[in-house]
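Right, one structure below, let's go through it.
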Amino acid sequence: MRTSHRVAAAMAATSLVAATASPAAADLQPRKDEWWFSAWDVQNSVWPLTKGSGVTVALLDSGVDAGIPELSGAVLEGTDTAGGKTDGRKDMDIFEDGHGTSMAVMIAGRGGGNSGYVGIAPEAEILPVHVATGDVPGSPVGITAALTNGIRFAVDKGAKVINLSIGAGADGIPHQCPNKLLDSIGYALKKDVVVVASAGNSGRTINSPEAPGSCPGVVAVGGINSDLRPWEKTQRQPYVALAAPASGSVFVGRNDKVFTGAEGTSASAALVSGAVALVRAHNPRMSGRTVVQRLLATALPINRPIPDQATGYGAIRIARAMDTAKYPVPANAPNPVYDRFDQLQGAAHDVNATPSAEARKSAGGLSPIMYVAVVGLAVVLVGGLGLLWGQRRLRRVR
């Protein structure tokens, strides 16, 4: 899809450097339909400064097919907290041919393969954690336990960003954010890790809250199209903080299979996770709290009043968020993502909680059986995954 001049002019950040992209940046050429590259002026204003080197993005999803050319050298050894007995470097998706792989490519793709797809932060590394219990028939692990242990594992392995392009309603994750899940999010925040999740894809129909995006402390991302309008199915909820592209390109699944016409807030969350990696790589001493505050303050408003329930504070502008000198943000600028968690901080959601036994295990460890399913079928979690493929799976479960 071609980007309109209006979108490119509106979303592109003021150039951070006078020179054109460095030769290293020019070596990677995004696909023409990856319209966000031109909209954000990534090759001229962002990549000359950083492409994400030194930052690990934990991907809690269906696992990642580490063998495809687009991810050559990008995927670390991870783990499986859903009972699948893998090290995360195998995409266990039994419904959609590689949801986790698609997200990894959007974040850290390095070109090549059948697609030539380039991620927004191609020098970042992916730490894959398989959390989708629906991929493991008969798994004794509950959804909440899989997510909780996955988050703690990612934190203890040094991730600076956790991507959760997944979601489920109350039938999949009871109480919309159980205490154990909140505690693990608090553990991540205490360790200075930014947690990003998709807002959800049922904005035109059910539009109910979906965890983990609805959890305090999580950056929930809604979807927009290339015309800067909200993607029609993006969730409309007060917890939505930011917006990013949800449509307009292809997705790359396991075995290097290319899908056309896929869309959803999974992609939006993946792109914001990549953006966080870029900001953190260029500002290694900047706290996660400040990174999120700057993304909110430098976003381009889409709808009013601000924040809007479909797009939050607006579409991210990576170059502005990265440049603290040119785009200063007051210390008291709004940061509702962290404010919501701060209001709940205390004995019930102790950010000083120690890592679980699973989180302390080496990569490839199996989730403890003592964590059992809490409510409902585990398949529902994967049914809430943020692509339309996930929408089909959700309907199938119902």
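Excluded from the calculations below are hydrogen atoms, water molecules and symmetry mates; all remaining heavy atoms, backbone and side chain alike, are included. Note that this is a predicted model, so its numbers are computed, not measured.
Between D183 and R152 there is no salt bridge, since no side-chain N of the basic residue sits under 4.0 Å from a carboxylate O of the acidic one.
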Practice prompt. Start with the C-alpha distance between K32 and F37, add both sets of side-chain angles, then the distance that settles side chain to side chain contact (heavy atoms under 4.5 Å, CB included), and finish with yes or no.
Written response: CA-CA 9 Å; K32 292 181 179 180; F37 275 87; over 6 Å; no

Item to complete: Report the C-alpha distance between S287 and T290 in whole Å, list the side-chain angles of each, state the deciding distance to 0.1 Å, and finish with yes or no for side chain to side chain contact (heavy atoms under 4.5 Å, CB included).
Response: CA-CA 5 Å; S287 70; T290 301; 2.9 Å; yes

Discussion item. Would Q237 and S214 count as a side chain to side chain contact (heavy atoms under 4.5 Å, CB included) here? Give the steps.
Written reply: CA-CA 8 Å; Q237 288 290 335; S214 62; over 6 Å; no

Practice prompt. Start with the C-alpha gap between S249 and D33, add the side-chain angles, then the distance that decides, and say whether side-chain hydrogen bond (donor to acceptor under 3.5 Å, both in side chains) holds.
Written response: CA-CA 5 Å; S249 186; D33 56 6; 3.2 Å; yes

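Annotation for I120 and L271: closest pair CG2-O, 4.1 Å, computed over non-hydrogen atoms. For the pair V42 and P48, the tightest heavy-atom approach, listed with the atom from each and the gap, is O-CD, 4.0 Å. Nearest heavy atoms, A146 versus A82: CB-CA, 4.4 Å. The two residues S247 and E263 have their closest heavy-atom pair at CB-OE1, 3.3 Å. Contact detail for W36 and P245: the closest heavy-atom pair is CE3-CB, 3.5 Å. R110 and L28 make their closest contact through O-CD2, 3.7 Å (heavy atoms, listed as atom of the first residue, atom of the second, distance).
For the pair R236/P230, a side-chain contact is recorded, criterion being any heavy-atom separation below 4.5 Å from C-beta on. N201 has its side chain out of reach of T234: every pair of non-hydrogen atoms, C-beta onward, lies at least 4.5 Å apart. Two residues are said to be in side-chain contact when any heavy atoms from C-beta on lie closer than 4.5 Å; L242 and L296 meet this criterion. No side-chain heavy atom of S184 sits less than 4.5 Å from a side-chain heavy atom of L147.
Residue W40 is tested with L278, V46, I318 for a side-chain contact (heavy atoms from CB on, under 4.5 Å); the sole match is I318. A side-chain hydrogen bond (donor to acceptor under 3.5 Å, both in side chains) with H99 holds for exactly one of D91, D61, D135; it is D61. Screening I162, L295, V219 against V194 for a side-chain contact (heavy atoms from CB on, under 4.5 Å) leaves a single residue, V219.
Follow the hydrophobic side-chain contacts under 4.5 Å out from V221 and you reach I306 in the same cluster. Tracing side-chain contacts under 4.5 Å through hydrophobic residues (I, L, V, M, F, W, Y), one never reaches M92 starting from F251; they form parts of separate clusters.
Every side chain to side chain donor-acceptor pair (under 3.5 Å) that T311 has, sequence neighbours left out, goes to D308. Listed by chain and number, the residues in a side chain to side chain donor-acceptor pair (under 3.5 Å) with T324 amount to none (sequence neighbours excluded). Residues meeting the salt bridge (charged side-chain N to carboxylate O under 4.0 Å, His left out) test with R254, sequence neighbours left out: D97. In this structure P334 satisfies the side chain to side chain contact (heavy atoms under 4.5 Å, CB included) test together with Y313, P336, sequence neighbours excluded. Residues forming a side chain to side chain donor-acceptor pair (under 3.5 Å) with Q293 (at least two apart in sequence, or on another chain): none. For A220, the side chain to side chain contact (heavy atoms under 4.5 Å, CB included) test picks out Y239, with sequence neighbours left out. S273 meets the side chain to side chain donor-acceptor pair (under 3.5 Å) test with N163; sequence neighbours excluded. In this structure, Y338 has no ring pair (Phe, Tyr, Trp, His ring centres under 6.0 Å) partners at least two apart in sequence or on a different chain. For R89, the salt bridge (charged side-chain N to carboxylate O under 4.0 Å, His left out) criterion is met by D87, not counting sequence neighbours.
Residue pairs meeting the salt bridge (charged side-chain N to carboxylate O under 4.0 Å, His left out) criterion with at least one member in residues 268-288, sequence neighbours excluded: D192-R280. Within the structure, the salt bridge (charged side-chain N to carboxylate O under 4.0 Å, His left out) test picks out the following pairs touching residues 199-208 (sequence neighbours left out): R204-E232. Listed by first and then second residue, the disulfide (SG to SG under 2.5 Å) pairs that reach into residues 193-259 are C177-C215, sequence neighbours excluded.
Between the side chain of S165 and the backbone N or O of S266 there is at least one donor-acceptor pair closer than 3.5 Å.
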